[in-house]
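Down below is the structure, laid out as structure tokens.
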Number of protein chains: 2
Amino acid sequence: MDRRQEIIEAAAKSFTLFGYKATTMEQVAKIANVGKGTIYTFFANKEILFQEIAMSLVREMKAEADAVLDVSASFMDNAHHALMKMLQFREKHLLFAKLIEEEKELRTPAVKQVLIRIESEILSYMATLIQRRIDKGEIRDCDAELVSYLLLKAYLAFVVDWHELHGDMIPEEKILNLFKETIFRGLVL
Amino acid sequence: MDRRQEIIEAAAKSFTLFGYKATTMEQVAKIANVGKGTIYTFFANKEILFQEIAMSLVREMKAEADAVLDVSASFMDNAHHALMKMLQFREKHLLFAKLIEEEKELRTPAVKQVLIRIESEILSYMATLIQRRIDKGEIRDCDAELVSYLLLKAYLAFVVDWHELHGDMIPEEKILNLFKETIFRGLVL
DNA sequence: AGATGACCGAAATGGTTTTCTGGTCATTAT
DNA sequence: ATAATGACCAGAAAACCATTTCGGTCATCT
């Protein structure tokens, strides 16, 4: 198997297990069965290697979100399912969960940057979907970027923040119902 | 002047200047012109003194929010103005701003708790106002607690988070317009 | 030409000593 | 008698420094 891929997989495994900061390049080299120097023939430094892995994480998440999209379904249902799928991915995927934890506890700057980058990828992904529905005339002609931001923040608030603050989770149906009566009702023509 | 009030004002001044952690009880005693022991005849400990001051901060903020309320205005206008006023208060009031900074940088647990408490006070204040409008039949019969949470999080996202992430501020009118077309449109009957 | 690991400086870690600070309480002042 | 005070204490935090660790390089080896 090609060395580059071995290294990526070894690094991903180590980041998942120990986080970004606690992963050493020597560790990665050992798992990948290469010399430490070899890593640097493929990746400029630890951070670049990390970013590459993070971006493949994004691709994976987008793919899962795409999988629940249904062109014949309403904007609301698609938005809801895609957002829920992405938020579940955040918690379910071990690397993603580890990074979120590391950002909260350790404040590792490289991790913070990567999470910001991921959020911005999600936002532009959502904006594309929204724009498509606007063009189809299904929803009001709004600023897709702002609406993406509103939807993501609203879902994060109810799915993630609420749980962290109150300890209990709001049933998905209740969330959908609330947004149906507020945000989505306003958007749909 | 009564010693209790002197102490509160001295402590408020010191918390504003140096934050909670960096304020020492000796410092407060000096500013208030009392012996350190005297503080403990009025307040059980540093944290209780702090909470007392934080709660008067909340009262002040509610008063400012109340001042912009207009019973004859629409729910949307009232909600918008009250929320904007409270978010401005967050940044304008030196003690409040200092606490937010300390929570972000130092993670002082006592400060975190107080900020959570303040948020919960804001939420129940908002829930009361919303419930009043529901009873008047002006807006849909929704869960006032959930809607408060949605509104607060949405405003925080656009006024505070957006600014922290992008560096620029969204014009107030643009924010109002977005919410008018989404959240509020769904709520108003 | 590509891979490697010994090597380097900078940064992190950990253990020890010193300083600081919240809270108490015997003493003092009123 | 009651209220105020500041010296005092134990535990927490800071400062210090010796030692280790780690990202990245490069001379050497395959």
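So you know, we letter chains A, B, ... as the sequences are listed, proteins then strands, and number each from 1.
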Exercise. If you measure from CZ on Phe43(A) to CZ on Phe50(A), what distance do you get to the nearest 0.5 Å?
Worked result: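 Spacing of CZ (Phe43(A)) from CZ (Phe50(A)) equals 13.5 Å.
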
Problem set entry | Strand contacts (DNA chain D) in residues 106-113 of chain B, 4.0 angstrom heavy-atom criterion | none

Problem set entry | Strand-adjacent residues in residues 5-22 of chain A, judged by heavy atoms under 4.0 Å from DNA chain D | none

Exercise. Is Phe18(B) isolated, or which residues cluster with it under the ILVMFWY side-chain rule of less than 4.5 Å, directly or via members?
Worked result: Leu17(B)

Exercise. Linking Ile, Leu, Val, Met, Phe, Trp and Tyr through side-chain heavy atoms less than 4.5 Å apart, which residues share a cluster with Leu165(B)?
Worked result: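 So far as hydrophobic clustering goes, Leu165(B) is joined with Ile116(A).
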
Exercise. On DNA chain C, nearest-nucleotide positions of Asn45(B) versus Arg3(A): which is more 5'?
Worked result: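 Looking at DNA chain C, the more 5' nearest nucleotide goes with Arg3(A).
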
Exercise. Within 45° of the six-membered ring axis of Tyr20(A) and under 6.0 Å from that ring's centre, is NZ or CZ of Lys46(A) located there?
Worked result: yes

Exercise. Is Lys153(B) close enough and on-axis enough to Phe158(B), meaning under 6.0 Å and within 45°, for cation-pi?
Worked result: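 Verdict for Phe158(B): no cation-pi partner in Lys153(B).
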
For this session: Go through DNA chain D in 5' to 3' direction and return only the first and the last nucleotide with some atom under 4.0 Å of chain A's heavy atoms.
Result: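 So the outermost contacting nucleotides come out as dC22(D) to dT25(D).
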
For this session: Grab the two heavy atoms, one from Glu102(A) and one from Lys21(A), that are nearest each other, plus how far apart they are.
Result: OE2-N, 2.9 Å

Exercise. What is the minimum heavy-atom distance between Met86(B) and Ala65(B), and which atoms define it?
Worked result: CG-CB, 3.9 Å

Problem set entry | Nucleotide interval of DNA chain C bounded by contacts with chain A (heavy-atom cut-off, under 4.0 Å) |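 Under 4.0 Å from chain A, the extent on DNA chain C is dA3(C) to dT13(C).
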
Exercise. Should Ile7(A) and Ile48(A) be regarded as members of a common hydrophobic cluster, given that ILVMFWY residues are connected when their side-chain heavy atoms come within less than 4.5 Å of each other, either directly or indirectly?
Worked result: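 Not linked; separate clusters.
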
Problem set entry | ILVMFWY cluster, Leu94(A) and Phe15(A) together (side-chain gap under 4.5 Å) |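 No: no chain of side-chain contacts under 4.5 Å links Leu94(A) to Phe15(A).
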
